[in-house]
Amino acid sequence: MAGTGVFTEVINGAVLKYSSEGDWKKFSSKNAFQVVNPANRKICYKVQALSKEKEDDTSKSSQKGRVESPLWKRAQLQKVQTTLQANKAPIAELVKEIAKPSNGAARELAGTGVFSEIYNGHVYKYYSQGEWKNSSSGKSVDIVNPTTRKNQYKVQACTQDEVNEVLESAKSAQKVWAKTPLWKRAEMLHKVAAILKENKDPIAECLVKEVAKPAKDAVTEVVRSGDLLSYTAEEGVRVLAEGTFLTSDSFPGNERSKYCMVSKIPLGVVLAIPPFNYPVNLAVSKMGPALIAGNALVLKPPTQGAIAALHMVHCFHLAGFPKGLISCITGKGSEIGDFLTTHPAVNCISFTGGDTGIEISKKAGMIPLQMELGGKDACIVLEDADLDLVASNIVKGGFSYSGQRCTAVKVVLVMESVADALVKKVNAMVSKLKVGNPEDDCDITPVVSETSANFIEELTMDAKQKGATLCQEYKREGNLIWPLLLDNVKPDMRIAWEEPFGPVLPVIRIKSAEEGIRHCNGSIYGLQGCVFTRDINKAILISDAMETGTVQINSAPARGPDHFPFQGLRDSGIGSQGITNTISMMTKNKSIVVNLPAPSYTMG
C-alpha cells in the first residue's frame with residue numbers, strides 16, 4: 001500500500017514529506033497542498049508546501065552532493081528504473097490521484113508472461129531470424145536440475161541445416177547493422193539492459209533451477225549483466241568513434257604527401273559460447289561488445305544454463321534488434337559443436353569454459369579467438385599478512401558458488417610460521433557456511449552435475465590417501481558436497497595441480513615466497529593469483545614474478561569489475577577480455593590513404 005512498507009518514511013500522518021540531503025523531512029510550515037482524486041473529487045493526499053528559500057537551499061545541497069559522488073554512482077540511472085519496477089504496485093496505487101487505472105502484474109515465472117513465446121509447452125525453442133522456432137529434428141536435450149537430479153527443462157536439438165540457416169541470416173543482417181549509426185546501436189543496448197533488469201526474477205529462477213546458483217546471486221548476475229550492457233554502450237561510443245590520422249612525413253625519407261585515416265570495422269559474425277556458471281553474464285559480456293562494434297552474434301549456450309540464456313536472448317528480441325542479427329542455437333555439442341566452430345561463416349569465436357576451448361582453437365582456422373579456459377589460482381600468504389583479512393578472502397574466494405568459478409582461490413600457499421593460525425581461522429569461518437538448496441540462498445549449493453561431483457570426490461580421496469589432513473569430515477549427498485579444507489597437501493597430490501571446480505580447497509605449507517612462486521608458475525594454468533602481505537615492496541616483487549594474467553594484492557581473485565582487463569597465460573586462454581578489450585578484439589583496422597599530387601604542410 002502507498003505510504004507503507006518501504007515507503008513508510010515518506011509520510012507524516014496525513015502529509016507527505018519532502019526529500020532533502022538524502023532524508024525525508026517535514027517542513028515547519030503548516031501549509032500543505034491538497035491532492036484531489038478526480039474520479040470521486042475527494043482529497044486523497046496532502047503534500048508539504050515549501051517556501052522559496054527552502055526550495056533554493058534544498059536544490060543547492062542536492063547539487064553539491066551530486067558533484068561529490070563517484071562517477072559510476074552519478075551514472076546509475078538504471079538503478080532508479082529497477083527500483084521503480086520493484087515497487088510498481090504501491091506506485092500504481094498512487095496514480096488514482098489522476099484517475100489512471102492500475103494494472104498490477106504478478107511476478108512472472110520462467111516461460112510465461114512476456115516469455116511465453118519461447119516455450120511450446122514441452123520444450124524451449126531456439127531463436128533464429130527474429131523468431132522462436134521448433135527444430136525440424138523433433139528431438140530435444142534434457143536439462144537436469146542439480147539439486148533434485150531430475151529433468152527440469154528441455155531445449156531443441158538443432159540440426160546442421162538449422163545452423164546453416166542461422167549463419168546465412170546472420171551474414172545478411174550484419175551488413176545492414178554495420179550501417180546503423182553508432183548512437184543507435186548504443187541506444188538499443190541501453191534498451192535491452194533495462195528490459196533485462198525488469199525481468200530479473202524469471203531469469204534468476206532459471207539460474208537457480210539449472211545451475212543451482214543461490215537465489216540472491218542469481219538476481220545479482222542478471223542485474224550485473226544489465227549494467228555491463230549499459231557500460232558497453234557508452235564505452236563503445238567512445239572507443240569506436242575515435243580513429244587514427246597519420247601523415248607520411250613522420251617516417252624518414254617521406255614528404256607530407258600521404259594522409260592515412262584508420263578506423264575500426266566489424267569482423268562479421270561472432271560466435272559466442274559462454275559457460276554454465278555464468279550463462280547470462282558471460283554471454284552478454286560477449287554479445288554487447290560484438291553488437292556495439294557492428295557484428296552479428298550467434299550464441300551457443302551451455303546445456304546447463306541454456307534456459308536462462310534463452311530468456312536473456314528474448315530480452316534482446318523485445319528490444320527490437322533486426323531479424324537475423326542475433327541467434328541462439330541449442331543442441332548437442334557432439335552434433336553441432338564442431339560444425340559451428342569450424343563453419344566458414346564464423347569470423348570470430350569468444351569462448352569461456354574448459355579444455356574444449358583448446359580443441360576449438362586447434363580447429364578454428366584463421367579467425368580471431370578469445371578464450372578463457374579456467375585456472376588454478378594460487379593464494380600466497382606471507383608472515384606479515386593480516387590473517388583475518390586472508391581468512392575472509394579465502395572463504396569468500398574459495399567457497400562462494402561452491403567454488404565453481406574460474407577465479408576461485410584454488411590453492412593456498414602459506415608460510416609455515418603462520419599456517420596453523422590461518423587454518424584455524426579459515427576452519428572457524430567454514431563451519432559457519434550455510435549448506436543446502438539454492439532456493440534457500442545457501443552459501444554452499446549442489447555442484448552442477450554428478451560427473452562434476454564425482455571428479456571432486458576423486459581428487460579429495462586421492463589427497464586423503466596420500467596423507468592430506470581433512471579439516472572437516474568429507475560429506476556428500478547427491479551433487480551437494482560440504483565445504484572442505486585440505487591441509488598439509490603435498491605436490492604429489494592431484495589436487496595440488498588440478499582444478500576441482502568445487503568446494504574443496506587445498507593448503508600447501510611453504511618455507512619461502514620463492515617456493516610459493518615456483519608452485520604457482522609450475523601450473524599449466526595462469527589465470528589469476530593473489531598475494532597477502534603488509535609490505536607493498538614484497539607485494540609488487542611477488543606479483544611481478546607470478547606468471548598469471550592478473551595478480552590481486554590483499555584480495556581474492558576476481559573477474560570484475562567487468563571493464564577491467566581479464567586474461568590468462570598458458571592453458572588459461574588466449575587474448576584479453578574486459579569490455580574495452582573485447583570491443584577491440586571484435587573489430588579490425590581499416591586504412592584509407594589519400595595521396596596528394598604534391599607535399600602539403602598545414603600552416604597556422
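Computed from a predicted structure; not experimentally measured.
Side-chain atoms of Asn437 and Cys442, non-hydrogen and from C-beta on, never get closer than 4.5 Å to each other. Using a 4.5 Å heavy-atom threshold, the side chains of Phe501 and Phe455 count as separate. Looking at Phe276 and Glu210, their side chains never come closer than 4.5 Å, going by heavy atoms from C-beta outward. Counting heavy atoms from C-beta outward, Leu373 and Asp571 have side chains that stay 4.5 Å or more apart. Inter-residue side-chain proximity for Gln370 and Ile349 is flagged as unmet; no heavy-atom pair is nearer than 4.5 Å. Within the 4.5 Å cutoff, no side-chain heavy atoms of Lys133 are placed close to those of Glu162. By the 4.5 Å heavy-atom criterion applied to side chains, Thr330 and Tyr124 are not counted as neighbours. When side chains are defined from C-beta on, Ile326 does not count as touching Leu299, because their heavy atoms never get closer than 4.5 Å.
Glu235 has a carboxylate O that lies under 4.0 Å from a charged side-chain N of Arg238, or vice versa, which qualifies the two as a salt bridge.
Distance alone, capped at 3.5 Å, is enough to place a donor-acceptor pair between the Asn145 side chain and the Thr147 backbone. A donor-acceptor contact shorter than 3.5 Å is absent between the side chain of Arg476 and the backbone of Ile481. Panel note: side chain Glu221, backbone Ala204; no donor-acceptor pair is recorded below 3.5 Å. Distance alone, capped at 3.5 Å, is enough to place a donor-acceptor pair between the Thr445 side chain and the Ala212 backbone. Not a single donor-acceptor pair under 3.5 Å links the side chain of Thr582 to the backbone N or O of Ile579. With Tyr401 contributing its side chain and Gly403 its backbone, the two residues share no donor-acceptor pair below 3.5 Å.
Taking CD1 of Ile456 as the reference point, atom OG1 of Thr451 lies at 11.0 Å (rounded to 0.5 Å). In this structure, CD on Glu131 lies 9.5 Å from CD on Glu117, to the nearest 0.5 angstrom. From Trp482, atom CH2 reaches atom CZ of Phe399 across 14.5 Å, with rounding to the nearest 0.5 Å. Considering OH of Tyr126 and CD1 of Ile118, their distance stands at 15.0 Å, rounded to 0.5 Å. Of the inter-residue distances, the one linking Asp161 atom CG with Ser135 atom OG reads 10.0 Å to the nearest 0.5 angstrom.
With Glu499 as the fixed residue, the salt bridge (charged side-chain N to carboxylate O under 4.0 Å, His left out) test singles out one of Lys376, Lys410, Arg405: Lys410.
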Exercise for review: Would you sort out whether Gln552 and Thr407 count as a side chain to side chain contact (heavy atoms under 4.5 Å, CB included), showing the intermediate values?
Suggested key: CA-CA 11 Å; Gln552 303 274 350; Thr407 54; over 6 Å; no
Check your understanding: Between His311 and His314, is a ring-ring contact (aromatic ring centres under 6.0 Å, His included) present by the stated rule, with each step listed?
Key -> CA-CA 5 Å; His311 281 73; His314 191 58; 8.1 Å; no
Point to revise | Ile273 and Thr341: CA distance, side-chain angles, deciding distance, side chain to side chain contact (heavy atoms under 4.5 Å, CB included) verdict | key: CA-CA 10 Å; Ile273 308 176; Thr341 56; 4.0 Å; yes
Check your understanding: After noting the C-alpha distance and the side-chain angles of Lys197 and Asp227, does the key distance pass the side chain to side chain contact (heavy atoms under 4.5 Å, CB included) rule?
Key -> CA-CA 9 Å; Lys197 290 181 178 181; Asp227 291 339; 2.4 Å; yes
Review point. Is there a side chain to side chain contact (heavy atoms under 4.5 Å, CB included) between Leu291 and Phe316 once you walk through the steps?
Key: CA-CA 11 Å; Leu291 293 168; Phe316 282 82; 3.7 Å; yes
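Sorted by first and then second residue, the ring-ring contact (aromatic ring centres under 6.0 Å, His included) pairs involving residues 216-235 (not counting sequence neighbours) are Tyr231-His563.
A donor-acceptor contact closer than 3.5 angstrom is absent between the side chains of Gln174 and Asn295. In summary, the side chains of Ser128 and Glu165 do not present any donor paired with an acceptor at a separation below 3.5 Å, with no hydrogens or angles considered. Looking only at atom types and distance, the side chain of Lys286 has a donor-acceptor partner in the side chain of Thr352 under 3.5 Å away.
Under a cutoff of 6.0 Å and an axis angle of 45°, Lys213 and Tyr278 form a cation-pi pair.
Across Gly374 and Ser572, no two heavy atoms sit closer than the pair O-OG, 2.7 Å. When all heavy atoms are compared, the tightest approach of Pro214 to Asp441 is C-OD1, 3.6 Å.
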Output a table of donor-acceptor pairs, distance under 3.5 Å, between side-chain atoms of residues 356-369 and any protein atom two or more places apart or on a different chain; print 'none' if there are none.
unit_1 : atom_1 : unit_2 : atom_2 : d
Ser361 : OG     : Gly357 : O      : 3.4
Ser361 : OG     : Ile358 : O      : 2.6
Lys363 : NZ     : Asp338 : OD2    : 3.1

